[in-house]
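Right, one structure below, let's go through it.
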Amino acid sequence: MNQLFNDALIIMVTGMTVVFAFLSIVIVAMRLLRLCFAEQSTSPVEPAQQSAGSVASQQQVAIAAALHHYRQRHRRHDSK
C-alpha cells in the first residue's frame, strides 16, 4: 500500500512539474512575441472626427432596436 502512495506522489509531482513548465514556456513566448511585434510608431493615431452626440444617439437607437427585437421574439403567450 505504501508503494502505491509513493507512485501516486511521483506521478502527481511529475504532472504538476510538466504543467508548470508548459505554462512558463507559454508566458515567456507570449512576452517575446509582444516585444517582437510591438508597434514601431510612437505617434498616437488620431481618431476620426465625429461629434460625441451622434455616436451616443446612434448607440441609443441600436439599443432600442435590439430591445424591441428581443421583446418581439421572447413575448409570453398568455392565451393558455
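Just so it is clear, the structure is predicted and the values come from calculations on it, not from any experiment.
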Self-check item: Test side chain to side chain contact (heavy atoms under 4.5 Å, CB included) applied to R31 and I27, L35, L33, the passing residue
Solution: I27
As an exercise, state the distance from [atom1] of [X] to [atom2] of [Y], rounded to the nearest 0.5 Å.
{"X": "F20", "Y": "I25", "atom1": "CZ", "atom2": "CD1", "value": "10.5 Å"}
{"X": "H74", "Y": "H69", "atom1": "NE2", "atom2": "NE2", "value": "8.5 Å"}
{"X": "F22", "Y": "T17", "atom1": "CZ", "atom2": "OG1", "value": "15.0 Å"}
{"X": "L9", "Y": "T14", "atom1": "CG", "atom2": "OG1", "value": "9.0 Å"}

Quiz item: Any chain of hydrophobic side-chain contacts (each under 4.5 Å) joining V19 to M16?
Solution: no
